[in-house]
Amino acid sequence: MIAVILRRLGLSIPVLFGVLVFGFLLLQMVPGDPAIVLAGPTAPPDVVEEIRRSMGLDQPLLVQFWMYLERVLVGDLGRSMISNKPVIEELLTAIVPTIELMFACLIWSIPLGIAMGTVAAMRRGSLVDRAVMALSVAGISLPVFFISLILIQAFGVSLRLFPFVGRGGPLWTLDGLSHIFLPALSLGMVFIGPVARMTRSSVLEVLELDHVRTARAKGLPERTVVFRHGLRNALIPVVTLVGLQTGYLLGGAVVTETIYSWPGIGRLAVGGILSSDFTIAQGCILAMAVTFIAINLIVDLLYSVLDPRVNR
Amino acid sequence: MMMKRHRRLMTATLAAAVTLTFGTLAMAQDVKISRRIDSNNYDPHKTTATAAAEVLFMLADTLVTIDYDMQTLHPGLAKSWDVSADGLTYTFHLRDDVKFCGGKSMTAEDVAYSFKRWIDPATKSPVAWRAGEVESITATDPTTLQYKLKKPYSELLYQLTQSFAVVIDKESVDKLGPDFGVKGMNATGPFCWGEWAPRDKMVLTRNDAYTWGPEIYANKGPAKVDGVTWSIIGEENTLTAALMTGQTDVSNYVPPIALQQFESMPGFVTSKSQSARYTYFVGFKLDKPTVSDLAVRQAINYAVDRVALVQDQLYGTVEPAYTYITEDTLDWNKDVDKTLIKDFDPEKAKSLLDEAGWKVGSDGIREKDGVKLAPVLYSFNGAWINIMQQVQAELLKIGVNLQIQTFDATVVWGKLATQEYDMFTMGYPYFSAGDAMNLYFRSGNTPAPNRTNWKDPETDALLVAGSAATSEAERAKDFGKVLYKVHEAVNWLPLYHTPIIIVQSDKLKPLKAHPIYGAAYYKGLDLEFTE
């Protein structure tokens, strides 16, 4: 197991370096000028030039990248060009709400998606199966911003059941829970679809296998056959999908966090990019990449727990 | 046993409910204000953002304050002031009862420090020029400040009402270093710095010692609410819904489409500022082959129906504009009325273009000497797109093919500082004719903010003379002449003036919007719950 972790961590290093280079170059290609943004539209050109010089933006690209790399290697992501707050501080403040949101989304959507997929597989061709598949397609097809606006209108404005602005209190308080309900529901809606579909096809496939037939031949009840002998094997591709989808959730969180004013890393990234705050944007790209790599590592480890053949 | 456990559970639930309820009640005296964007920082000398001014006016005070009419000056931290006959020396007599949030008394030394930091080249303030050409700033005694200029600056007192000219505590600047205006600031305003979470919220707490509010408020302090929380809600539909459902108490960033709805909705009050000090316009680059022709600029002004534009695009919530500043602005020149193009007259536009030799080509677009009348317009993404498409449709009817290119906020300012385009869009706040004219028509300000490339020695001379005038009449005459010149030359197509429109819950007593720099709530001393 340790060897697997070390191997995976070793593979992560070039990926991270690539992310650093890519993130840096991507933001260089954006034609915005942070010096102009910082100076304001009415500032005279000499003030803009002075600000550009003081920020090191007049240096050659390679020099700027080297300076950036040196800082990152010692854990210094710089200060926000706009607010002057240390980037690491901003990231640490923003990552907690994002993790909360992802957790709140996954905690209900994964079990529900798996349950829906399993039921659909057990009742293949029935009305229930068709309904589950229709819901899955809807979840996959509807963009998260649309789902969010519909939920705000229904639960926030019409029924006035849940707040939809900001984070509220800590997650263990009623205030915190009520604030996270709608964002987690919106994000989860797009998550259920793929999980349910993958579970359904995977369960259907497993139920055709020899060991399942043997279990049935022994006279075990169908529920035991499906849950004990079918589902565990069927979950392997689902875990892979969940891992990948969880990574993509970070992208969905950008939209969800913007609509719900959720102070997470997605909103920080959007704010950083829109205000030409290069250091913040670079920090967010790096943080998202690290999160993505971490999620993949966890998935790989889960994989080896579920299927010991992976370690061989 | 079971009963006991149930009882314990019920007690705990009740306690939690009571805590939550009282927690909510305790917070109920905080006013929640929502807006779309945050400021980059809250250092008064390092930002030009309206979002910063909104908060800074509550956190800090100026020596001079200004009325809702944006013309009448009132005492602020200065009880009174004298101006020398040559207009070079301003002597401010300060209040002796003012305290910083930290408890320290404010003296003339603090004011001198604040102003010196503002103009210090090391501060790199983008607004240092607003302080005039300073000879010296001296605290002659604890309550007297002498502000000496190298040459007269007729608008100094008005500049000193702005958020750049607030008084800050030196100790706070030294202690916080680069974090000043980021992690805190100590000043003398009706509210004190609580906590800033960038792009999320700014929390201000009441300054209980505050009793030196400006004359325009019935309440001179302390504030009637415990605090103010400025929340950022970037998505306009969410902001509208948050206001409807009471998740925010007040906002002046409600989209035009929702304003009419709020006007007829029970539980809400909408109010407009007495006057508008924010104007949106299309500017012409005067040295470009197409729009360098006065006839083209006049024709474009005749061809755009601004009343319809305001109704169609902004639901009648703003005023159609024919002038570059509103006519009730300080130093407006009534003679300018003679130069204004107020009529919507496409036929006149066509005849002007015909007379100027712009002939309609086979494709319906006019041309002259091989040049197509197809000016390129640079603009912003967002609401500008629909507005400019309406203008584009109207111009097409007179044979002008307006080519619109829009850019994101990150890019647009850089693009607008180039000479690549023929026309551009812009919206700007101002407080006087001199403020607006100096910004946009001084030749030294090309390529930005003077994006029209208007380079006229007489204008420059008048702007210098107006700024150096020692009497109000003289100043108004000089700036008035500039106003006349630039309107007569049809440098812009003015589109609309926007007053500040506040939508508030009726849980709050009715607020009066202040037009200063777009900071609708100004000092926030009229924020008060009805219950």
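Predicted model, so just to flag it, every value in this text is computed and none were measured. Proteins get letters first, then strands, A, B, ... in listed order; numbering begins at 1 in each.
Put simply, the side chain of B:T238 gets close to the backbone of A:I259: a donor and an acceptor are under 3.5 Å apart. B:E235 places no side-chain N or O within 3.5 Å of a backbone atom of A:T258 that could act as its donor or acceptor partner. Between the side chain of B:Q247 and the backbone N or O of A:V165 there is at least one donor-acceptor pair closer than 3.5 Å.
More than 12 heavy atoms of other shown residues, nucleotides or ligands fall within 6.0 angstrom of atom CG in A:L61. Summarising the local packing, CH2 of A:W108 is surrounded by more than 12 heavy atoms from other residues, nucleotides or ligands at distances under 6.0 Å. In this structure, B:I257 places its CD1 atom where only 12 or fewer heavy-atom neighbours from other residues, nucleotides or ligands lie under 6.0 Å away. At most 12 non-hydrogen atoms from other residues, nucleotides or ligands lie less than 6.0 angstrom from CD1 of B:I37.
Interface remark: of the candidates B:D38, B:N237, B:N450, B:D200, B:D200 forms the most heavy-atom pairs closer than 4.5 Å to chain A.
Of all the heavy atoms in A:S261 and B:G234, the pair that sits closest is OG-N, 4.1 Å.
If you measure heavy-atom distances from A:E257 to chain B, you find no contacts under 4.5 Å at all. Only the side chain of B:K183 has a heavy atom closer than 4.5 Å to any heavy atom of chain A. If you measure heavy-atom distances from A:E90 to chain B, the contacts under 4.5 Å come from the side chain alone. Heavy-atom distances place no part of B:S231 under 4.5 Å from chain A, backbone and side chain included.
Using a 4.5 Å cut-off on side-chain heavy atoms (C-beta onward), B:I232 and A:R267 make contact.
Distance OG1/B:T245 to CG/A:L159: 12.0 Å, rounded to 0.5 Å.
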